[in-house]
There are 2 protein chains.
Amino acid sequence: MLEKSHRHVSCETCGARKDSLFGSFCEADSSNLNEHKTCNYFKKNQPLFIEGSNPRGVFCLNEGKVKIFTRGEEGKEQIIHIAKPGEIVGFRAMFSGEAYKVAATTLEECNICFINKADFLNMVDTNPVLRNGIMRELSKELADRATFITNMAQKSVRERLAFALVLLDDIYSQEMINLTREDLANFVGTATETLIRLLKEFKDDHLIETHARKIEILDKQGLMNLAGV
Amino acid sequence: MLEKSHRHVSCETCGARKDSLFGSFCEADSSNLNEHKTCNYFKKNQPLFIEGSNPRGVFCLNEGKVKIFTRGEEGKEQIIHIAKPGEIVGFRAMFSGEAYKVAATTLEECNICFINKADFLNMVDTNPVLRNGIMRELSKELADRATFITNMAQKSVRERLAFALVLLDDIYSQEMINLTREDLANFVGTATETLIRLLKEFKDDHLIETHARKIEILDKQGLMNLAGV
DNA sequence: GTAAAAAAATGATTTACGTCAGCTTTGAAA
DNA sequence: TTTCAAAGCTGACGTAAATCATTTTTTTAC
């Protein structure tokens with residue numbers, strides 16, 4: 001499935017681009033973008049960047065998913081976001097002038113384009129539509145994270161898991177959710193054992209079904225009710 | 001103390017401006033800003049804006065502090081940030097094109113300037129230094145919130161309280177921390193009773209002293225160690 | 001296809017923290 | 001200065017969820 005896409009993808013014809021911040025690009029912009037990007041294959045569990053390193057450019061997901069996470073004291077991951085094709089990863093640190101505070105690692109085999117810092121910043125500087133898109137994106141994410149914080153503070157693990165499954169169902173759209181139990185626990189913010197026990201309860205309640213690692217959502221509305229959304 | 005500042009403040013001479021996103025403004029910019037702002041007095045516990053309302057402009061804090069919060073299911077507040085003089089509040093929603101996802105309420109008597117949306121956006125559009133400052137600010141806050149989420153997920157209430165007190169000590173600089181126990185609990189993400197019990201433990205350990213509502217930090221390094229920072 | 005390693009699952013136990021209920025202190029307004 | 005509601009504090013108690021230990025299943029790599 002990745003076989004076919006494990007090659008150079010042109011921005012002009014990239015299906016993922018249309019959903020991205022570059023979606024509004026005219027032909028000239030797209031072709032310019034295409035000349036300034038490189039196209040790379042990443043295998044599963046391969047880091048795009050790690051905490052503390054200096055940003056050299058941005059990553060544009062063409063195929064596959066990427067987890068964005070920080071590490072707590074004992075190195076335990078807290079997954080902040082899971083990025084899907086069309087998303088641009090790593091652009092926040094372009095503007096802060098600081099090293100990465102988060103890390104990004106592939107969750108599956110991925111096809112990812114890279115645009116170096118100078119080229120990207122130049123595009124942002126000269127393209128008001130892109131710039132506004134980025135500011136809108138930054139603002140929306142800020143609001144999302146406020147909700148995330150509130151959920152962590154006030155909801156039970158059961159409610160947060162239900163909420164996470166609903167979010168993941170959108171991210172994985174037609175596919176089934178395919179994360180290790182540990183990654184899922186690190187997204188929900190709980191212990192792996194607790195997560196597994198709750199998944200079983202959700203199965204008993206016919207909200208989900210599991211196929212080995214994969215999770216199938218049977219009753220999305222039921223999960224939303226449980227999550228209090 | 002507020003008496004003297006409860007009047008029109010000029011941007012050209014505003015002490016708080018120098019620490020703000022408008023800090024780099026030249027004389028012409030400052031005077032332009034001054035003409036486009038209104039200066040308002042807010043009493044304690046007065047909302048600047050509430051969740052779900054539509055943004056009409058931004059608020060520039062000249063004196064006093066403001067809490068930024070969301071509400072969970074039963075209306076319980078989760079404080080995301082406490083803004084101090086020099087900070088500009090409410091500018092994120094300017095770019096997202098959505099209603100406020102958070103609310104802002106004064107924590108004390110405040111002197112706050114208001115710049116309406118069109119004027120502010122015009123400044124952002126025409127002033128690259130301001131714009132870059134805003135993008136930097138948005139990015140940094142995004143990183144801060146990732147840390148916040150991780151703390152909520154992985155740290156104990158005791159650790160989070162220690163961390164919060166260290167943060168608040170910076171925000172309140174020379175003054176003592178002066179928040180209701182409930183607000184402090186809503187910042188740490190815990191129950192008021194639990195917060196009070198932990199404050200007592202911190203007192204017993206000579207990390208803090210309380211003077212009625214006010215909290216004095218005795219051993220900041222000790223708190224940082226406890227917080228794991 | 002098989003072996004080894006990694007991940008998932010289950011059980012037993014502990015505890016940090018939330019909730020409820022009642023009492024005391026504080027500070028704003030009359 | 002007095003009053004009274006709001007805020008602060010304390011104790012008793014229950015439970016959600018973490019931790020640790022072990023077994024079973026799945027995945028990976030040869």
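Proteins come first, then strands; the chains are lettered A, B, ... in the order of their sequence lines, and each starts at number 1.
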| request: Please check the phosphate of C/dG18 (OP1 and OP2 only) for any side-chain N or O of B/T190 closer than 4.0 Å. | output: yes

| request: Go through the side-chain N and O atoms of A/S10 and A/E12 and say whether any donor and acceptor fall under 3.5 Å apart. | output: yes

| field | Exercise: do A/H81 and A/E141 side chains pair donor with acceptor under 3.5 Å | value | no

| field | Nearest-neighbour nucleotide for the B/R197 side chain, D/dA12, D/dC20, C/dA21 considered | value | D/dA12

| query | Any donor-acceptor pair under 3.5 Å linking the side chain of B/Q78 with the backbone of B/N186? | reply | yes

| note | Taken to the nearest whole Å, CG/A/D204 to P/C/dT10 is 9 Å

| request: May I have the distance from B/K200 (atom NZ) to C/dT24 (atom C1'), rounded to whole angstrom? | output: 13 Å

| message | In whole Å, I'd like the distance from the NZ atom of B/K76 to the P atom of C/dT19. | response | 7 Å

| said: Using whole Å, what does the distance between atom C1' of nucleotide C/dT25 and atom NZ of B/K214 come to? | reply: 17 Å

| message | If we count only N and O atoms by modelled type, under 3.5 Å, do the side chains of B/T210 and B/K203 hold a donor and an acceptor together? | response | yes

| Between D/dC13 (P) and B/E193 (CD): distance, integer Å | 16 Å

| query | Contact class for B/K44 vs. all strands (heavy atom < 4.0 Å): base, sugar-phosphate, or nothing? | reply | nothing

| remark: From CG of A/L161 across to C1' of D/dA16 the rounded distance in Å is 14 Å

| request: Would you mind telling me which of A/L179, A/I68, A/L167 makes a side-chain contact (heavy atoms from CB on, under 4.5 Å) with A/I82? | output: A/L179

Shorter than 3.5 Å, N or O on both sides, protein versus nucleotides 2-8 of chain C: list them out with atom names.
| unit_1 | atom_1 | unit_2 | atom_2 | d |
| --- | --- | --- | --- | --- |
| C/dA7 | O3' | A/R213 | NH2 | 3.2 |
| C/dA8 | OP1 | A/R181 | N | 3.0 |
| C/dA8 | OP1 | A/R213 | NE | 3.3 |
| C/dA8 | OP2 | A/R181 | N | 2.9 |

| note | From CG of B/L199 across to C1' of D/dA7 the rounded distance in Å is 14 Å

